[in-house]
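Some notes on the structure that comes next.
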Amino acid sequence: MMVTICFGGSVLAPEEPNVSLVKEAARAIRVLKSERYNVLVVTGGGGTARKYMGAAKILGTSGIYLDKIGIDVSRLNARMLISALGNVAEPDPVTTVEAAVRAVLKNKVPVMGGTNPGQTTDTVAAMVAKASRSDVLVFFSDVDGIYTADPKRDPLAKKIERMTTVELANKFGRVKTEPGMKTIIDPVAAQLIERSKMKALFLGVEEMGRLPEILKGANHNGTTIIPVSE
Ligand code: UTP
């Protein structure tokens, strides 16, 4: 079984590196490898990326250059996770989707951050999942699933347990983007998931240790995206 996992920067380094969550992520990946899963990993930039992007903005830069800072920091987080994974991982963060697929075919775990300006690591994860023909794409973030509204702002927001790929694209596929934006999934990734009819899971960090059993079908408290054609 092939699985792509995207760890949001909000998980690995919300303000600064979260060492215990990085360890837990590495532990879950090692368990999956020992159970013969093929694993590809994408890491986000998190609070560190936003701090550097904020500073660079004050210093006068904008647009693509801000994106490039976000990409650099997401790669720094990739390197941090590689430090915890040791030799099951490709030793350096890979920088292209093709290199990620080559690494997984060599039985290594590729860990990568961003690739091109103008998107987020959600899109990278969707592209990696598609290119590697992953059976499932898993997103871990600081929100434990997809809600009817942003649960950090709306106390009446309710979690959605199951959604189709079409419903995901309808809900998130047309949101306006900007460097450092914060939504549970970016619009391009939502559209890619729909177009590729990809199974996806949106899980909170509390479920990280249970990932191996969740992939085998155990219940979880996140949101499952079910592939359908329109
Ligand atoms: P991230 O995708 O790292 O966000 O992109 P994040 O920190 O994980 O998000 P959450 O908080 O965990 O959900 C950070 C920024 O880096 C740039 C974009 O500006 C993006 O908003 N970026 C990232 C790119 O331009 N291209 C990429 O491929 C990835």
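Counting starts at 1 for both ligands and their atoms, following the listed order. Bear in mind that the values here come from a model prediction, so they are computed numbers and not experimental data.
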Under 4.0 Å to a heavy atom of [X] - the qualifying atoms of ligand 1, by number:
X      : value
Gly45  : 1 (P), 3 (O), 6 (P), 7 (O), 8 (O)
Gly8   : 8 (O), 12 (O)
Gly118 : 25 (O)

Quiz item: Going by distance alone, is a donor N or O of one side chain under 3.5 Å from an acceptor N or O of the other, for Asn77 and Thr43?
Solution: no

Taking N or O atoms only and a 3.5 Å limit, does [X] qualify as a polar contact for ligand 1?
X      : answer
Asp67  : yes
Asp122 : no
Thr43  : no
Thr121 : yes
Gly9   : yes

Quiz item: Is the NZ atom of Lys216 crowded by more than 12 outside heavy atoms at less than 6.0 Å?
Solution: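 It does: Lys216 NZ has more than 12 such atoms within range.
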
Practice problem: Indicate yes or no: at least one non-hydrogen side-chain atom of Tyr147 is less than 4.5 angstrom from one of Ile184. | Solution: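 The answer is no; the side chains never approach within 4.5 Å.
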
Exercise. Only counting residues at least two apart or in another chain, list the ones meeting side chain to side chain contact (heavy atoms under 4.5 Å, CB included) with Pro91.
Key: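 Once residues adjacent in sequence are excluded, Pro91 has no partner under the side chain to side chain contact (heavy atoms under 4.5 Å, CB included) criterion.
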
With a 4.0 Å cut-off on heavy atoms, is [X] touching ligand 1?
X     : result
Arg50 : yes
Leu66 : no
Gly46 : yes

